[in-house]
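Written out below as structure tokens is the structure these notes cover.
Keep in mind it's a predicted model, so treat the numbers as computed, not measured. Start at 1 and go down the list; that is how both ligands and their atoms are numbered. These values consider heavy atoms only, across backbone and side chains, with no hydrogens, waters or symmetry-generated copies.
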Amino acid sequence: MKLYNNAQSRGMTLFPLLKELEIEDQIEQIHILYEKMHQAEYLKVNPMGKVPCLVDKGIVISEVAAIFTYLADKYMEKGLAPALDDPKRGAYLKWLFFCHGPLTEYMDLKGLGVSDEQIEQRKRSLTFGHEESVLAFLKNGMQQANPYLLGEKISAADLYLAYWLVFAISFKILPYLDEFKPFIQLIGSRDSMKDVPWFQKINA
Ligand SMILES: N[C@@H](CCC(=O)N[C@@H](CS)C(=O)NCC(=O)O)C(=O)O
């Protein structure tokens, strides 16, 4: 497999997953400079001109959540994805796609400094609705985590959510609420997360 990526991109969310799946040695990492992403050579791989992008035997998978889902399913025996007939599969997909859609849209708009008034005016068409819904959804999920989102076993959704949470908290896009702490500390204590700088930053 080839993973087209850039160390300053959201593609870094995938590294803990590769470590947990123990497949780092099966993936050729291809570093793409931002200046090259919209040039013909890379557009042939991903016409969106974006990273990350995974290519597995000619199958092209762009979009971080799709890559999480694809890899966790491909290596299902590693236990990071519930089986297709496992009732936990619904919550698993919900969390992966909540992170990919509403949470990242919210983070992008907050990071750009879009005002609360503008968000309020567009709340019906924004995928996250409004800020209180995002915070309430996250708090509720964290409170119900036992200790992971799906219960006793960690999943790829925990890795993806924890990465985005610590990133957003580090950049003061989200507050570091008490409700988040047990979950963040639990995921942050894993070997696969030790190179993720945002964990150290929020605890500094
Ligand atoms: N929806 C895509 C977004 C990917 C994305 O926006 N990647 C950025 C880096 S974080 C990128 O490649 N930017 C290059 C560009 O737009 O020129 C995903 O989640 O995978």
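- Nearest to atom 16 (O) of ligand 1 among the protein's heavy atoms is Lys50 NZ, 2.8 Å.
- Aromatic pair Trp164/Phe98: centroids not less than 6.0 angstrom apart.
- In terms of protein heavy-atom proximity, atom 9 (C) of ligand 1 is closest to Tyr34 OH, 3.4 Å.
- Note: the hydrophobic cluster containing Leu186 also contains Leu159 (ILVMFWY, side chain heavy atoms under 4.5 Å, direct or indirect links).
- At the top of the distance list for atom 20 (O) of ligand 1, counting protein heavy atoms only, stands Val64 N, 3.0 Å.
- Only the side chain of His100 comes within 4.0 Å of ligand 1, judged by heavy-atom distances.
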Audit row: His130, Glu120, side-chain hydrogen bond (donor to acceptor under 3.5 Å, both in side chains) steps and yes/no:
CA-CA 7 Å; His130 44 79; Glu120 182 62 25; 5.5 Å; no
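- With distances taken over non-hydrogen atoms, the option nearest atom 17 (O) of ligand 1 out of Glu63, His38, Met37 is His38.
- Among Arg10, Met48, Lys36, the residue whose heavy atom lies closest to atom 3 (C) of ligand 1 is Arg10.
- Of the protein's heavy atoms, Val51 N, 2.8 Å lies nearest to atom 12 (O) of ligand 1.
- Applying the ring-ring contact (aromatic ring centres under 6.0 Å, His included) test between Trp95 and each of Phe137, Tyr160, Phe68 identifies Phe137 as the sole match.
- In this structure a side-chain-to-backbone donor-acceptor pair under 3.5 Å is present from Lys88 to Leu150.
- Seen from the ring of Phe171, Lys201 counts as a face-on cation partner, given the 6.0 Å and 45° thresholds.
- Distances shorter than 4.0 angstrom do not occur between any heavy atom of Gln8 and any atom of ligand 1.
- Counting the atoms of ligand 1 from 1 in the order shown, those under 4.0 Å from a heavy atom of Ser9 are 9 (C), 10 (S).
- For the pair Lys181 and Tyr176, the cation sits on the ring face: its NZ or CZ lies under 6.0 Å from the ring centre, inside 45° of the axis.
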